[in-house]
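A short worksheet on the structure shown next.
Bear in mind the structure is a predicted one, so any value in this text is a computation, not a measurement. Computation of the quantities below employed the complete heavy-atom set of this structure, encompassing side-chain atoms and omitting hydrogens, waters and symmetry-equivalent molecules. Naming: A, B, ... by sequence-line order, numbering from 1 per chain.
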Amino acid sequence: MEETIKSVVLGLCSGGIYALLAVSYVVIYKSTRVFPFSQAAVLIIGAYIMWFCLIVWHLPIWLGFLITCIGGGILGMFIERAFMRPLVGQPILAPIVVTLCLMLFLRGIGILMGKGDIQGFGESFLPVGAWKVGFLHLPKIQVYGFILCALLIAALMLFYEKTRTGLGMRVVHEDHVVAQNLGINVKRIFQYSWVISCIIAVVAGMLLGNIQGVGLALDANGLIAIAAVLFGGLESFAGAIIAGLAIGILQMLTINYIAPLLPGETTMMIPFVFLLLILFIKPYGLFGLVRIERL
Amino acid sequence: MNINRPCGTFDRTYFQAKELYRTPLRKTLLALLLVGMYLLPFLTGDYGISILTLICAFTIGMLGLQIITGYCGQISIGHAAFMGVGMYTVGILQRHFGLSFWVCLPLAGLVPMFIGMMFGLPALRMKGLYLAFATLAAHFVIVYVISNWRSVTNGTDGMWMKRPDVLFGIDFKSDRNYYLLVLTITIIMTYLATNLARSKLGRSFVAVRDNDIAAEVMGINIAYTKIMAFGIGCFFAGIAGALGGAYYEYVNVEWFGLDDSIWYLGFLVVGGFGSIFGAIAGATVWKVMDEFSTLVTPITEALLGGAAFYASAAFSLIFYSLIIIVFLVFEPRGIAHRWEIVKRSYRLHPFPY
């Protein structure tokens with residue numbers, strides 16, 4: 001029992017990052033109807049930019065954070081303008097292949113940036129150590145990371161609810177043609193979506209790099225977050241957040257209860273088995289839109 | 001099909017209507033191509049033979065993906081994993097049961113076929129992107145099983161495979177004879193795929209791709225069609241894997257990563273969707289690129305400095321993905337479409353259209 005509670009709490013903490021990543025997928029999917037597989041590799045780039053700032057250029061943490069966010073924004077703008085805009089209106093297969101290829105492209109860039117090695121931040125830029133609450137050991141890295149993720153998601157939601165641009169983005173989520181007719185610049189909204197999503201992914205990347213080390217293996221987290229997106233439903237922010245936390249808990253429970261029974265990287269495999277189960281049982285996820293099509 | 005014929009070629013009998021190649025010129029060219037393919041290994045050295053063998057093996061795999069994605073419109077991000085299942089089927093059967101390659105080869109197609117149908121089952125309930133997720137999950141589950149079921153698959157260490165035994169007095173141990181075998185199988189599989197595309201099943205694939213609701217209204221069983229597409233496509237992938245693995249006489253789980261599945265999809269785009277020629281062109285471009293990136297490794301090393309392994313890995317990742325993206329942006333219908341344009345302008349020569 002104690003073990004279970006422990007893994008649930010730890011899972012919630014690490015699930016924050018999955019929730020953030022899942023939100024970064026949903027931001028783009030909702031507005032452009034393209035599933036951005038490339039976000040799995042954007043977080044590698046984010047981690048490497050942070051590594052360059054802190055270790056190579058010896059910048060203070062806040063400046064590194066700022067530069068990484070700006071770098072992520074520029075990357076998102078570049079991807080949208082150069083690769084995704086020409087594909088607007090193409091059949092569904094073209095954007096999927098492009099985002100998959102972008103994933104490998106960014107992986108290649110990541111190899112060049114890191115000289116092919118796993119790098120570390122030396123010492124973590126978030127406080128280390130752990131709080132002791134009852135029988136729980138809460139690692140400070142995880143908790144601060146969780147708080148940062150929650151703040152970012154809250155800021156994003158505020159942006160969607162309170163600003164005029166956010167309102168425009170919500171209209172685009174509903175229907176591209178209607179939005180265009182209302183005088184909203186849909187292309188601009190697509191660009192905003194990519195920029196926001198890439199900034200989110202970059203932040204998630206630096207948090208993960210802080211915990212797991214900066215390397216190419218980071219994109220596994222991005223791929224696992226795909227399971228979370230599907231569980232929550234492709235069109236739902238609330239679903240993405242809940243499912244991200246759920247995947248985090250599932251992973252911790254896997255480490256505690258399933259990993260001793262099975263060999264190898266069960267933490268990588270179990271989310272995908274979970275994904276297959278979702279596809280069989282409830283393919284549109286918890287809060288996803290069930291599209292009814294007609295001729 | 002009528003569009004691609006010179007004027008004045010009419011079908012007067014049912015036999016003529018069923019013919020794959022109608023004009024004497026095309027028949028001659030096909031015969032010359034086949035003879036040329038069989039003679040090539042006697043002209044090129046071992047290096048050329050190795051490239052040709054790989055092109056042939058990957059052509060079969062690409063044909064499978066063409067059936068799943070190009071004809072039936074279902075996106076598969078796990079095709080390389082099914083190829084791996086084919087490789088490991090042969091490896092396991094040879095290692096644990098000592099079966100001959102000739103017995104293993106059909107099984108290497110059938111086992112991935114059933115696994116592919118199993119992972120295609122979500123097609124009963126959904127389509128498009130969701131099926132892509134199912135194949136992505138299939139990729140990870142298959143790779144996990146292969147790299148961790150040590151007692152059967154020998155884990156990440158890989159397994160030795162044996163080339164086919166002597167048949168009709170031909171010894172396939174030599175690379176040249178093995179290439180001739182792979183070429184023969186490739187021709188048979190290409191013929192099968194070409195005819196499949198013209199059959200009832202192939203036409204229902206295309207109907208499902210173009211509009212699945214309309215196809216259902218017309219009385220096509222969508223779930224059956226999609227699952228058959230997955231099954232047949234994975235059958236091709238398994239055969240390709242068996243031939244490719246037996247060429248190296250060794251299989252390893254490293255050989256079918258997520259990258260390879262994505263390259264499969266990407267170079268299918270480069271070749272062109274929905275045509276057999278596109279699949280062949282895609283596989284050829286892919287393997288020629290592979291050789292090219294191996295050849296330029298010294299240059300990339302010099303440019304980027306430092307260790308070779310990461311420079312060449314990064315180079316091939318960046319270079320291939322840029323090629324695929326450029327093709328998607330500027331010529332989404334691929335080389336096959338360009339080739340059609342060339343052929344048409346030759347046929348209409350003095351006139352522009």
Side-chain angles (χ1 to χ4, degrees), chain A residues 29 33-35 37 82-83 85-87 90-98 100-117 219-220 223-224 226-227 229-230 234 262-266 268-281 283-284 293-295, chain B residues 69 73 75 77 119 121-122 124-126 128-134 136-141 143-145 147-150 155-156 211-214 217 258-259 261-263 265-266 268-269 273 304 306-307 309-311 313-325 328-330 332:
Chain A
Y29 185 77
R33 303 266 189 283
V34 170
F35 193 84
F37 288 98
F83 300 129
R85 179 100 36 108
L87 294 173
Q90 294 267 10
I92 176 178
L93 209 134
I96 290 182
V97 176
V98 167
L100 282 169
C101 286
L102 266 177
M103 181 167 109
L104 297 184
F105 176 72
L106 293 175
R107 239 181 112 83
I109 302 277
I111 295 178
L112 290 186
M113 284 171 85
K115 307 272 177 213
D117 285 331
D219 69 349
L223 293 172
I224 288 170
I226 290 176
V229 180
L230 207 69
L234 285 174
L262 291 172
E265 286 181 56
T266 33
M268 189 69 200
M269 194 266 297
I270 290 294
F272 284 100
V273 174
F274 184 60
L275 190 154
L276 275 177
L277 284 179
I278 302 162
L279 283 176
F280 276 111
I281 298 163
Y284 294 96
E293 291 182 57
R294 56 177 190 171
L295 275 175
Chain B
T69 307
I75 299 154
I77 321 181
F119 281 107
L121 274 183
L124 291 171
R125 296 193 58 181
M126 69 236 153
L129 190 57
Y130 289 89
L131 268 183
F133 290 132
L136 184 71
H139 179 273
F140 282 103
V141 173
V143 169
Y144 172 82
V145 169
S147 51
N148 287 298
W149 198 1
R150 294 198 69 87
T156 44
N211 190 331
D212 55 346
I213 301 172
V217 171
L258 190 56
D259 318 10
S261 291
I262 297 174
W263 295 146
L265 208 51
L268 188 64
V269 172
F273 280 120
L304 302 167
F309 69 94
Y310 87 85
F315 174 77
S316 58
L317 283 174
I318 294 173
F319 188 56
Y320 290 11
S321 45
L322 278 183
I323 284 178
I324 294 165
I325 290 171
L328 261 172
V329 171
F330 293 106

For the residue pair A:Met268 and B:Phe140, establish whether any side-chain heavy-atom pair is separated by less than 4.5 Å.
yes
Of the listed A:Ile92, A:Ile226, A:Leu279, A:Leu102, the one with the largest count of heavy-atom pairs under 4.5 Å with chain B is A:Leu279
Minimal heavy-atom distance between A:Phe105 and B:Ser321, with the atoms involved, is CB-OG, 3.3 Å
Of A:Val273, A:Leu106, A:Ile96, A:Val97, the largest count of non-hydrogen pairs under 4.5 angstrom with chain B goes to A:Val97
Practice item. Let me see the working for B:Tyr130 and A:Tyr284 under ring pair (Phe, Tyr, Trp, His ring centres under 6.0 Å), right down to the final yes or no. Key: CA-CA 9 Å; B:Tyr130 289 89; A:Tyr284 294 96; 5.1 Å; yes
Among B:Val143, B:Leu129, B:Val329, the residue with the most heavy-atom pairs under 4.5 Å to chain A is B:Leu129
So, the part of A:Leu87 with a heavy atom under 4.5 Å from chain B: the answer is side chain
Residues B:Leu317 and B:Asp259: closest non-hydrogen pair is CD2-OD2, 4.1 Å
B:Ile324 and A:Cys101 have their tightest heavy-atom pair at CG2-SG, 3.5 Å
Answer key: most heavy-atom pairs under 4.5 Å with chain B among A:Ile270, A:Leu234, A:Leu275 is A:Leu234
Counting heavy-atom pairs under 4.5 angstrom with chain A, the leader among B:Leu265, B:Val269, B:Ile77, B:Val141 is B:Ile77
Nearest heavy-atom contact between B:Ala314 and A:Gly108 is CB-O, 3.6 Å
For A:Ala227 and A:Ile278 the tightest heavy-atom approach is O-CD1, 4.2 Å
The interface call for B:Ile262 against chain A, heavy-atom contacts under 4.5 Å, is side chain
So, the part of B:Leu258 with a heavy atom under 4.5 Å from chain A: the answer is side chain
When the 4.5 angstrom heavy-atom criterion is applied to A:Leu223 and chain B, the contacting part is side chain
Honestly, the part of A:Leu100 sitting under 4.5 Å from a heavy atom of chain B is both
Per-residue tally against chain A (heavy atom, under 4.5 Å) across B:Trp149, B:Phe119, B:Tyr320 peaks at B:Phe119
Exercise for the section: Return the orientation label for the A:Phe37 and A:Phe35 ring planes: parallel under 30°, perpendicular over 60°, tilted otherwise. Expected result: perpendicular
Okay, A:Ile224 and chain B: the region with an atom under 4.5 Å from a heavy atom over there is neither
